[in-house]
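What follows is a short report on a single structure.
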Amino acid sequence: MQIPLSADARKWQRIAREYADDYLQPHEVEAELNEGVLPDEITERNKRRAIELGFTALDVPGSHGGLELAMETQVAIWEQLGRVTNALSWCFPEPQSWMFDACSEEQLERFVLPMMKGLHKECYAITESGPGSDVAGIEATAVRDGDDYVLNGEKWFVTSGNLASFFWFQAKLPDEDDEALFLVDQGLDGIEILANPKFSHTYASHHPTYRFRDVRVPASQRVGQPGDGMSYTHSWFRHERLMIGARSCGAAARLIEEALAFANERIIDGAPLSEKQAIQFMLADSVTELYAARLMTYDAARAADRGDDVKAQHARCSMVKLYVSEMANRVADRAVQIFGGRGYMRENVAELFFRELRVDRIWEGTSEIQRLIIARSLMKRGLDGL
Ligand SMILES: Cc1cc2nc3c(=O)[nH]c(=O)nc-3n(C[C@H](O)[C@H](O)[C@H](O)COP(=O)(O)OP(=O)(O)OC[C@H]3O[C@@H](n4cnc5c(N)ncnc54)[C@H](O)[C@@H]3O)c2cc1C
């Protein structure tokens with residue numbers, strides 16, 4: 001089932017599929033059985049190949065040596081990378097276009113551009129234990145002291161904190177009645193890991209809890225202009241929500257293909273399992289939902305490419321994140337059922353995705369928060385404004 005795509009998107013779709021099939025997928029079980037970690041030479045090889053292919057430059061403006069690909073094309077790439085479990089596709093850093101609007105030339109040179117060469121890796125320290133979903137209620141502070149800002153706060157679930165060389169750190173500026181993002185190097189005095197919990201998935205990227213106590217960063221590492229507040233964090237949310245949609249479509253496609261192949265091979269009562277109507281209905285529901293999910297994900301990507309009103313884009317990215325992540329969870333559940341006991345084995349793709357896709361309904365804003373964003377947008381702008 002193909003959605004019509006531009007020639008460029010089709011070209012990149014093929015490149016990403018080959019990379020996913022040849023470099024990543026063969027290592028899924030090995031990663032699962034080894035705390036998500038692959039041998040260094042494989043991790044390094046995969047990262048090097050991703051950089052050679054241009055994956056670290058997809059969303060980087062041409063003026064900074066990037067590929068500046070259309071969002072439609074980026075979705076086509078991330079859909080293919082989403083076919084792979086254990087987050088093996090997170091082996092390269094991802095500079096995003098909003099960073100080039102937000103950052104000074106000095107910040108770009110020091111933090112963002114080295115990501116294109118794989119020299120830096122990012123992580124995002126936004127969520128806190130108190131405000132949680134209510135990101136507007138963030139309590140971490142940044143207070144100006146001479147040429148520095150002094151950061152204090154506790155940040156939870158910092159994905160890739162164990163691998164990253166710097167943080168994007170969101171804080172309130174109580175003295176300036178403002179808030180801002182900061183670029184913060186790993187390992188500075190005052191940064192402490194409070195906990196490194198285990199999660200349902202088996203990823204090399206951990207999600208530690210950090211305490212920032214009187215951490216000094218030069219004022220030049222404040223991102224954006226006074227009054228920008230959370231706008232760049234919202235840009236990151238939009239990008240990530242759309243790409244969660246893309247990856248969820250890829251995961252669902254793989255689950256359907258694998259469940260169908262199994263149902264064709266598995267003989268029950270002397271005939272392939274796929275001849276049972278109960279199994280066909282599960283596959284039919286999954287394909288139908290995937291079709292809807294793909295259409296809306298690519299439509300939202302094209303809205304970004306057209307430069308539609310950013311508030312409408314924000315609501316659409318929430319709709320994509322809500323619907324597509326929940327769709328993929330339903331597909332994974334059906335795939336486990338089709339595989340039967342085999343679908344409950346840790347080496348089975350359905351079991352892996354059944355656990356891994358669950359968090360897509362939680363991070364980058366839970367499904368409930370997406371519904372709130374969509375409902376508020378509907379009430380403000382009306383149906384035609386979405
Ligand atoms: C594995 C993992 C990785 C993560 N990575 C990162 C990261 O890299 N950086 C980062 O900053 N954060 C990260 N997060 C945090 C993630 O974005 C938050 O967990 C998420 O936004 C929910 O916040 P919370 O956990 O505090 O839940 P809570 O806010 O405590 O929510 C609990 C429940 O209440 C519901 N709820 C909350 N408010 C409302 C409301 N107003 N109306 C109705 N229901 C509501 C929620 O939907 C949820 O069901 C990660 C989380 C996980 C699990």
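Note that ligands are numbered from 1 as they come in the structure, with each ligand's atoms numbered from 1 the same way.
- If you look at V359 next to ligand 1, the close heavy atoms, those under 4.0 Å, all belong to the side chain.
- Between the side chain of R238 and the main chain of C317, no donor-acceptor pair closer than 3.5 Å is present.
- Protein heavy atom at the shortest distance from atom 50 (C) of ligand 1 is F157 CB, 3.2 Å.
- Ranking protein heavy atoms by distance to atom 5 (N) of ligand 1, first place goes to T159 OG1, 2.6 Å.
- Y23 and I51 fall into different hydrophobic clusters, where Ile, Leu, Val, Met, Phe, Trp and Tyr residues are linked whenever their side-chain heavy atoms come under 4.5 Å apart, directly or through other members.
- Here is the list of ligand 1 atoms found below 4.0 Å of a heavy atom in T366: 22 (C), 46 (C), 47 (O).
- Annotation: salt bridge (Lys or Arg N to Asp or Glu O under 4.0 Å) contacts involving residues 219-233, sequence neighbours excluded, comprise E176-R222, D178-R222.
- With respect to atom 2 (C) of ligand 1, the closest heavy atom belonging to the protein is W363 CE3, 3.5 Å.
- For atom 31 (O) of ligand 1, the closest non-hydrogen atom on the protein side is S133 OG, 3.7 Å.
- One finds the OG1 atom of T297 at 13.0 Å from the CE atom of M71 (value rounded to the nearest 0.5 Å).
- Considering all non-hydrogen atoms of both residues, H207 and H201 come closest at NE2-NE2, 2.8 Å.
- When hydrophobic clusters are built by joining Ile, Leu, Val, Met, Phe, Trp and Tyr residues whose side-chain heavy atoms come closer than 4.5 Å, directly or via intermediates, W236 is grouped together with L108.
- The environment of Q337 atom CD is sparse: at most 12 non-hydrogen atoms of other residues, nucleotides or ligands sit within 6.0 angstrom.
- Contact atoms of ligand 1 toward Y124: 7 (C), 8 (O), 9 (N), 10 (C), 11 (O) (distance under 4.0 Å to a heavy atom of the residue).
- Note on ring orientation: taking the six-membered ring where Trp is involved, the planes of W90 and Y203 are perpendicular (angle over 60°, cut-offs 30° and 60°).
- Atom 22 (C) of ligand 1 lies below 4.0 Å from at least one non-hydrogen atom of the protein.
- What sits closest to atom 39 (C) of ligand 1 on the protein, heavy atoms only, is I369 CD1, 4.0 Å.
- The neighbour count for R376 CZ, taken as heavy atoms of other residues, nucleotides or ligands under 6.0 Å away, does not exceed 12.
- Near E364, meaning under 4.0 Å from one of its heavy atoms, ligand 1 places the atoms 17 (O).
- The nearest protein heavy atom to atom 34 (O) of ligand 1 is not closer than 4.0 Å.
- By the criterion of side-chain heavy atoms lying less than 4.5 angstrom apart, applied directly or through intervening Ile, Leu, Val, Met, Phe, Trp or Tyr residues, I279 is not grouped with F281; the two fall into different hydrophobic clusters.
- Listed by number with element, the atoms of ligand 1 under 4.0 angstrom from any heavy atom of E368 are 44 (N), 46 (C), 47 (O), 49 (O).
- The closest protein non-hydrogen atom to atom 20 (C) of ligand 1 is I362 O, 3.5 Å.
- With hydrogens left out, the protein atom closest to atom 10 (C) of ligand 1 is T127 OG1, 3.3 Å, a heavy atom.
- Within the listing of ligand 1, atoms 40 (C), 41 (N), 42 (N) sit less than 4.0 angstrom from a heavy atom of L372.
- Neither the backbone nor the side chain of K155 comes within contact range of ligand 1; no heavy atom lies under 4.0 Å.
- A ring-ring contact (aromatic ring centres under 6.0 Å, His included) with F167 holds for exactly one of Y210, F111, F182; it is Y210.
- Which parts of ligand 1 touch G132 is read off a 4.0 Å heavy-atom cut-off, strictly below it: atoms 23 (O), 26 (O), 29 (O).
- Close contacts between ligand 1 and I126 involve ligand atoms 11 (O) [criterion: under 4.0 Å to a heavy atom].
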